[in-house]
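Notes follow the structure.
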There are 2 protein chains.
Amino acid sequence: MGIKERKELEKQEMRKLILDTAMKLFLEKGLENVTIRHIAEKIEYSPATIYLYFKDKDDIIYTLHREGFEQLYKLQQTTLSIRDPLERLRKQGEVYVSFAMENPEYYDLMFIMRGPVRKIKEMKIKEMKEWDIGSRSFEFLRQNIKECMEAGLFPEADLDVAAFSVWAYAHGIVSLIIRDRCMMFPEDKIRHIVDEALDFMFGTMFDDKVKIKL
Amino acid sequence: MGIKERKELEKQEMRKLILDTAMKLFLEKGLENVTIRHIAEKIEYSPATIYLYFKDKDDIIYTLHREGFEQLYKLQQTTLSIRDPLERLRKQGEVYVSFAMENPEYYDLMFIMRGPVRKIKEMKIKEMKEWDIGSRSFEFLRQNIKECMEAGLFPEADLDVAAFSVWAYAHGIVSLIIRDRCMMFPEDKIRHIVDEALDFMFGTMFDDKVKIKL
DNA sequence: AGATTTAACTGAACATTGTTAACTTAATTA
DNA sequence: TAATTAAGTTAACAATGTTCAGTTAAATCT
């Protein structure tokens, strides 16, 4: 009965081919400018074939969205080697921002575009089990902040609020840049401002040396 | 020679009709789901007519984008009555977040969608004079922060970095909500978290009472 | 006032998009 | 070998933004 498995494997390979091609095109031409037909042309199949492997375009985008979260989660995990929770939190911030800056299309998919969320909501009606993969990453951040609080390294506050705030800050930085709202800064200074902004957050939030001089 | 003027007036009225209708549809159906044809149908003209008043769809969106910035700028100005620059800054934050939460489609247009930026860049090639309207609002924030710094109420840092950081933080909060990335929180708790997050920022940044207890 | 130019508007088309249904062909099973 | 299943394509659909040739209606000129 090896045939069933081979078929399954081929199916998976085709899915992967479609996904990889889609992602490559997204990187080349930008998220907005990739069509099913482009993908089909690139892999030299007819457009209709793609619909044998994915329900619709949002399904492709959603799957890439999941892959992005896998990647991000793995990156987040690399900070686990750091003992000091505050230092770990800072590293997490850096990792998050780097990921966004190096993979803006992935980031857009994951945190800005509407498509994936549509799909998630559509799915949640049927299968409640498949609870969205993003909350895992958020939980990780939340846990880290909890540790910081417990160690007295972080202002006491509602944990949800604190975690959301830190996330929002990092998201604000990268999403303003990804969606090109920083035209007031010279192109070559942007990366510097991003890094400084991260420092600024940690500085004002936790570092007494940078605190207000009275 | 009153005819030329009447014609000009009618032209402006038609533009306004199109813009208002477009905005109304955006509010009703969401930004993504409004087409030129919908707008045309609503005002009972043919689709082609719209192209007599606007170059293309991005042009409509860009014009609404400008109107949004007018509105926001006016709101910002209302904070000028506040003497204490730090308090004024806080109020500015509140105003910004309220604007976003009450006019999510406008906010999306102004700070998330790609269309308007495309238009701005396209225009900047020809006419350098029309420098983008958003920087005026940013300048306002910047100035406010500068005053805070001079009064010793704000951590000393590169002014650009500080202003960008504060903006990014507020933007992060509202854009995560507008683009529906907060599914982990119960619907009815979201507004509360938003408000708390704003407090959290100001608390950690400036308020010693909320500072780390050693 | 009548002829002519100008402005406002439309109908029909174009190319592109996502998506689907009927069909063909190749592979697997009986 | 015949029947069934899977994989893929072709051709079409409706919806989108956009354009262009034409048609009225208004304004201007003589």
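Chain naming here is simple, since letters A, B, ... match the order of the sequence lines and numbering starts at 1 in each.
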For the residue pair [X] and [Y], is the inter-centroid distance of their aromatic rings smaller than 6.0 Å?
X	Y	value
B:Phe111	B:Tyr96	yes
A:His171	A:Tyr107	yes
B:Phe138	A:Phe185	yes

Quick one: [X] [atom1] to [N] [atom2], roughly how many Å, whole number?
X	N	atom1	atom2	answer
A:Glu44	D:dG8	CD	P	14 Å
A:His38	C:dT19	NE2	P	15 Å
B:Tyr53	D:dG17	OH	P	19 Å
B:Asp56	D:dG17	CG	P	11 Å
B:Lys57	D:dA15	NZ	P	15 Å
B:Ile50	D:dG17	CD1	C1'	11 Å
A:Ile36	D:dT9	CD1	C1'	16 Å
A:Lys11	D:dG8	NZ	P	9 Å

Sugar-phosphate, base or nothing in reach of B:Thr35, heavy atoms under 4.0 Å:
sugar-phosphate

How is A:Phe54 classified with respect to the nucleic acid when contacts are heavy atoms under 4.0 Å: base, sugar-phosphate, or nothing?
nothing

Reading DNA chain C from 5' onward, which residue's closest nucleotide shows up sooner: B:Arg37 or B:Met14?
B:Met14

For the residue pair B:Phe140 and B:Tyr73, categorise the inter-ring angle as parallel (less than 30°), tilted (30 to 60°) or perpendicular (more than 60°).
perpendicular

For a quick test of reading the model: is some side-chain N or O of A:Thr49 closer than 4.0 Å to OP1 or OP2 of D:dT9?
yes

Which of the following nucleotides, D:dT9, C:dT10, C:dT20, is nearest to the side chain of A:Tyr51?
C:dT20

